[in-house]
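Reading through the structure tokens given below for one structure.
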Amino acid sequence: MNGMDDNEDETDLFDDDFDNLSESALQELEHHAIISTQHAQSQAQNAIKQAVPVPPKPTSLPQNRFQAQARFNAQPHLLVPALRRESTDFHFEDESFELVGEEGVPTPAEQYETYPLRRAAPNEASEKEQWRQQRYGQAYDGVASRSSTQERAQYHGGTGQYKRATEWAHGAQAAPDKMLLDEALQQHATVINGDDRDAFRARIDELLKERDELTKELRGAKDTVSMHKGEISIVRANFDKETKVFDRQISALKKTMEEESAKYTAAINAIIEKNNNLTTRYQFLQQEHNQEVQETRRLEQRLRDKPESDRDAGPSTTPKRGMASSLRDGFDDDDIIMMSPSKSARRSKPSTPTAANKRKRKADVPSPVKPLVLRPTASGPSDMPPPAAPVPVQPEEPGGPIVRKDRQIERHLRFLQSILEYRVKGTKEPLFEAFVKFRFPSNSSKTFTTILLEGTAHLKGPRLPSDLLQLFIDLWSKSMKEQFYEPVALLMEVVSHIIDTDMSAVDSGIVGSLTPLLQSTVAINAEKRVKHSPVNHSTFGTFRSTPQSVLNHKVNGTSSLEIMLSVAYIICDDHDLLTHFWRLIDPEFVLMMLNAWQPVLDITLVLRLLATSIFATTFGSICVDDQQAKFFEQHILNRICCLLWETPKVDEGLPANTTTQICQLRTEVMDLLLRVAFASAPLPREDTNHHGSQLIASHPSAIARIVRSLYDEVTAMYDLTPSHALHAEIVNKGVHLLFHVLELHGAQINLQEKLSVINGGVHKHRVVLTRLAFSEGFYIDRLITDDVVAMATSMLEECVTPDEADELIEAFPGFKGRGHAEEEE
């Protein structure tokens, strides 16, 4: 124990020198062991229990330990020292006792190879021998004193039974385990009691059975693993096959989506072009209308200024036929008096004699002209009556009201002819022939054509176009009430054609009946899209596309919105009629159509429609209660500002919106916000309480979202995408809007508080203004205008301290002003 070995020349009991022991060494050892056990039998039994503990699990004890325990139970007096030394000489290659094999359970052969026994070193043997002496006293003196070579030879050369025990200790498998244990128990039955022997044998049998069961379980586990490996390989092969099929399907879907996208883009461009044409036509008609109004006013003024005598004498005199003047200068000079007053006065004298009384000659004086040769007639020349004086042609009286009435009749006639000759766009079928196919479910005896003809027969008066339009609106309304959606598309087409043909047909009656009908038609599919959006209470927070199965494809909400926008454009000059129109618009309908789950084209049409709702004191729908009006104004403005960063979703199965479409939508949003801020304020510096700019300034998140939009758009400009020009346009309009609002209401706005509504609002505000203020007008920011750069610089100076301004200037040492590089070139 002190680093010295007292038994340096003594080796292990299981050393290879046992062959040199004598034959009497075993009997001599047994004699001494029996004598020692008689004096300390109780101590030996306790030592046996401490030396050979029962392992908790069969799998954690190697096979050779079971055999060593059996031999120890059979010959305790002989094997206690040997087993004690063997237990201390075990050395496992893996100290963590991890099991080998695929499932962590070793086979018997693997177990023996994994946990081999090794002999202890000489110094370890001496330490173990001293430990045995201290624990068991003199009971082992006979064994420990055997140190000579002769005794070891005799000890090794004993009976064959001890040799088999020695071979087992080294791992040899000369005989089955059970036979070896039975033989050891039979030869030493006198030492161990019968109960102990049966208990040890039962324990060993139980352990061997458990080992066999574990071996079977290991084989079953290996078979299961092999089967699972095969299944995994099959699954992988199927997965690769499905992946290839899926890739092919994705490629086909992408191609189809591209084709559909091109088709829808062409349709949208056609609609936009039509809208532009309608806008241009409306402007021309408005200009002509203004000219006609001015002309009417001039004529009325002329009539009022005309003397009473001229107005009374007019009907008594015979009007003269208008003579076309050969000298025209392009002006309307009908009101200029062609004759001077002196000539008109002379005309009141007696008229000049006729030609028959001018040159009367005497009968005897011949005529200097040779007489004409006349063909003789039956009555003779003397019977011919004298020629009658020419009757002056009486021109038609210029009856103004009669002419206007005739023009109105002609206009109404042309209008009816255009409706009767109209052909459906898709099939080119005459209109009334197409309406023959439709009958109301509640009254199937009459077709739509019969109803229209009966109603047209009773039309008369100046409201003929409006009355005819009302007939189609009534059919449309009744179809919606009876949920008979088949003829709705054709009725919308006819109503749109009538409005385009004769805009005067849109009066207060048409607005009152058509506006609610258009809203109910649009809401059929719009409400279903909102129900599938994350803002709905039943699907709150759930993002999913609207299924095509829930949509009604017979009703086109986009066409209804186009009709509504056309009506708003037609009546925008009539303040009373436009006010009546916006009183009929439901504010919840506007909020529903500004939802991001609606189509981009529908949202764009609603934004343009809202541009006509900007009045001096209201924006959006006009409500009876002022408190309710302010509430909906805040919510409508909130939805408009959210569209600056939201990405509109599409219905299920449709291609996603492109970047260009989203940028065009955000451009429309900026246009609307600019109109709200600038609309009814011709002098914004004097009108600081302007309703539109005050509405934006007082909104809790409008300014922050405008700044966020500017930051995102400036960042997107650096990507140089095909929508680069649209990004720049949004930036230009957004800076104008922000500068205008801050200039008017900067003293009332806490900018830090406004910007803190969004994450990093103050940082984004500083960054975007710095980028714009130090813009040099190169390729990336070439579309940013100079006035926008000046506005950004002014706003940046107001939001930074002088020290921060100096640091910004130092951060851009090479900045020499906008466009400096172009001047150098």
For residues 271-290, pull every pair meeting salt bridge (charged side-chain N to carboxylate O under 4.0 Å, His left out), keeping only residues two or more places apart or in separate chains.
none
Any donor and acceptor pair, going by atom type alone, linking the side chain of Arg639 with main-chain N or O of Leu591 inside 3.5 Å?
no
Donor-acceptor contact present, side-chain His691 to main-chain Thr617, <3.5 Å:
yes
Sequence neighbours left out, what pairs pass side-chain hydrogen bond (donor to acceptor under 3.5 Å, both in side chains) with at least one residue falling in residues 573-585?
Tyr282-Asp573, Gln286-Asp573, Trp582-Thr612
Here the gap from Ile662 atom CD1 to Leu665 atom CG, rounded to the nearest 0.5 Å, amounts to 8.0 Å
Between Asp787 and Thr785, is there a side-chain donor-acceptor contact under 3.5 Å, judged purely by atom types and distance?
yes
Would you say Ser723's side chain and Leu726's backbone share a donor-acceptor pair under 3.5 angstrom?
no
If you count heavy atoms of other groups shown closer than 6.0 angstrom to CG of Asn759, is the number above 12?
no
What's the spacing between Ser709 OG and Ile730 CD1 if we round to 0.5 Å?
6.0 Å
Keeping the roles fixed (side chain from Lys764, backbone from Ala704), state whether a donor-acceptor pair exists under 3.5 Å.
no
Residue pair Glu652, Arg544: steps toward the salt bridge (charged side-chain N to carboxylate O under 4.0 Å, His left out) verdict:
CA-CA 9 Å; Glu652 185 180 18; Arg544 56 173 180 171; over 6 Å; no
Does Thr296 use its side chain to pair, donor to acceptor, with the backbone of Glu292 at less than 3.5 Å?
yes
Counting N and O atoms only, with roles assigned by atom type, does the side chain of Thr515 sit under 3.5 Å from a partner on the main chain of Gly512, one being a donor and the other an acceptor?
no
Looking only at the side chains, is there a donor atom on one of Ser693 and His745 sitting less than 3.5 Å from an acceptor on the other?
yes
Aromatic Trp597 / basic Arg529 pairing, under 6.0 angstrom, 45° off normal:
no
Just checking, any donor-acceptor pair under 3.5 angstrom between side chains of Thr660 and Thr658?
no
